[in-house]
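Within every chain, numbering begins at 1; the chains are lettered A, B, ... in the order of the sequence lines, protein sequences first and strands thereafter.
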Protein chains: 2
Amino acid sequence: MLHKQKRKTRRERLIEVGLDLFSRHSYDEVAIDDIAAAANISKGLLYYYFPTKHDFYLAVLRHSTSQLLELTEPDTSLEPLERLRVGLLAYFTFAEMHARTYVALLRGGVGVDPEVAAILNHVRQTYVERVLQGLPESERQLPALRLAITGWVGFVEALSLAWLEEHQLSKEQLTELAIRTLLATITSLHEQGSSSR
Amino acid sequence: MLHKQKRKTRRERLIEVGLDLFSRHSYDEVAIDDIAAAANISKGLLYYYFPTKHDFYLAVLRHSTSQLLELTEPDTSLEPLERLRVGLLAYFTFAEMHARTYVALLRGGVGVDPEVAAILNHVRQTYVERVLQGLPESERQLPALRLAITGWVGFVEALSLAWLEEHQLSKEQLTELAIRTLLATITSLHEQGSSSR
DNA sequence: GGTCAAATTTGAACTATATTCAATATTGGG
DNA sequence: CCCAATATTGAATATAGTTCAAATTTGACC
C-alpha cells in the first residue's frame, strides 16, 4: 500500500472541487450531489464541513478572492508608481491564469445576495485603500477622491474582463492604459469645481 | 403614443411585482409562493405566463434593462459631447430613482448564469456602441479603443454604485468626472506605444 | 497491541419548493 | 345565449437541499 501524503485537509479539497465546479457552472446548476460526486464523498459529509450549500459557495468565493488579494499584495519596497505597475501586472496575470474562475468570481454572485456582495465589495475596497496609500499626502485631500478611485477599480475590472475575451494588448500595455487612466482621473479631480459650477 | 394603453396586462403586472421583490431580495430568497401572494394569484398561474422561475427572473431583468436603455437613449440632435453629457445625466438619474433595482440589476445575476450575463453584457455593449458613435471617424481607428471604452463603462457603473451610497457630488459633477475620464482615457490611447519602454 | 472517546463519514429519511396538470372558471365574438 | 379560446386554480409530483442517527475511522493513552 502506498501512502499518499494528504497534506490538504478535507475542507480544503472540497473548496478546490467547488472552485472547479463553480467556475464552470452557475450556482444553481451545481447540485450538492455533483459536489459530493466530484469529491468522492457522501452528500451528508458536505454538511459536516459547511452548514449549507450557500455557505459552501461563500467559502469558495472567499478562498479565491483572498488568493487574488494575496497575489497582488503591494510591494512597499517599491516607489508608488512602480508598486502600482507591479500590482496591476499581477492582477492581470491572475485574471489570465484563472480566467474562468476570475470571470465567475466577478460576474458571479447569487442574486442580490448581500453576503456575496459584501465579499466582492471588500476586495474592491481593499484595492481602493491600496491605491490611496500610494498617493502623496497632498493629493489625499481631494474631494471625492475615494469615489473616483472606486470608479477606476471598476474600470480595471471591466478592462480585464474584456481583455480576457480578446487579447489585443499585452499585459504591459493594459497596465499602462490603466495607470494613465488613473492619473488622468485624479488630475481631472483637481480641475473639477474650478471650471464649471 | 396618441391613444393610451389599456389596463396593464397580467404579464406586465407580474413583472412589476417581480421588480419589487427582486430589488429587495435575492433570487433564492424570493419563492414562487411569494410572487404569487404578492400578485394575488395562484402559483400555477405564474407558470401560465412564464415557463420557469428563472425565465421569470430574466423577463424582469430584461424589463428593467430595456427601461434603462430607453431612458438614456442618445439624442442625436445634440453634438456628441453634449449628447454624452445628457446621456450620463439620465443614467445617473435612473440610478438614483431606481436605486435598489439598479443595484440589484448590476450586482445581481444568478451565479455565472450565462443568460443573465448575456443581458448585462448587451447593456454594456450598447453603451460602448453609443460612445463609439459619438467619436469622430479619425479616432475610431485607435487600437484597443473598444477595449478602453468597455473599461470606461465599468468605471461609470462602479462610480454610480459608490455614489448611491454617499451622494458627495452632484449629478453634474459626477457627469463631468465621467466625461473627463473618458477623454483622458482616449487621449492616453494615442500616446500608448509611442512612449512605453 | 488494546481500549475508548472523539472525529469523521455514511445513507436513508425529511423538508422545502419549483414544476406539472387535469379540472374549473371566465371571457368575448358570432 | 352559446361555445371555443383563454385564463386560473389547487392538488399532485419531482427535484433538490438539509437533517440525523448510526457506523466507521482515527489517534491518544495505558
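One interatomic measurement links the two molecules: CD of Glu12(B) to P of dA7(D), which rounds to 13 Å at whole-angstrom precision. Following rounding to the nearest Å, Tyr49(B) (OH) and dT6(D) (P) show an atom-to-atom distance of 11 Å.
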## Note on the structure
Scoring nucleotides 9-22 of chain D by protein non-hydrogen atoms under 4.0 Å (B base, S sugar-phosphate only, - none) yields BB------BBB---
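Glu129(A) meets the side chain to side chain donor-acceptor pair (under 3.5 Å) test with Arg146(A); sequence neighbours excluded. Residues passing the ring pair (Phe, Tyr, Trp, His ring centres under 6.0 Å) test with Tyr127(B) are Tyr91(B), sequence neighbours excluded. Qualifying ring pair (Phe, Tyr, Trp, His ring centres under 6.0 Å) partners for Tyr47(B), counting only residues two or more places apart in sequence or in other chains: none. The ring pair (Phe, Tyr, Trp, His ring centres under 6.0 Å) test applied to Tyr49(B) returns no partner, not counting sequence neighbours. Here Ser77(A) pairs with Asp75(A) under the side chain to side chain donor-acceptor pair (under 3.5 Å) rule; sequence neighbours left out.
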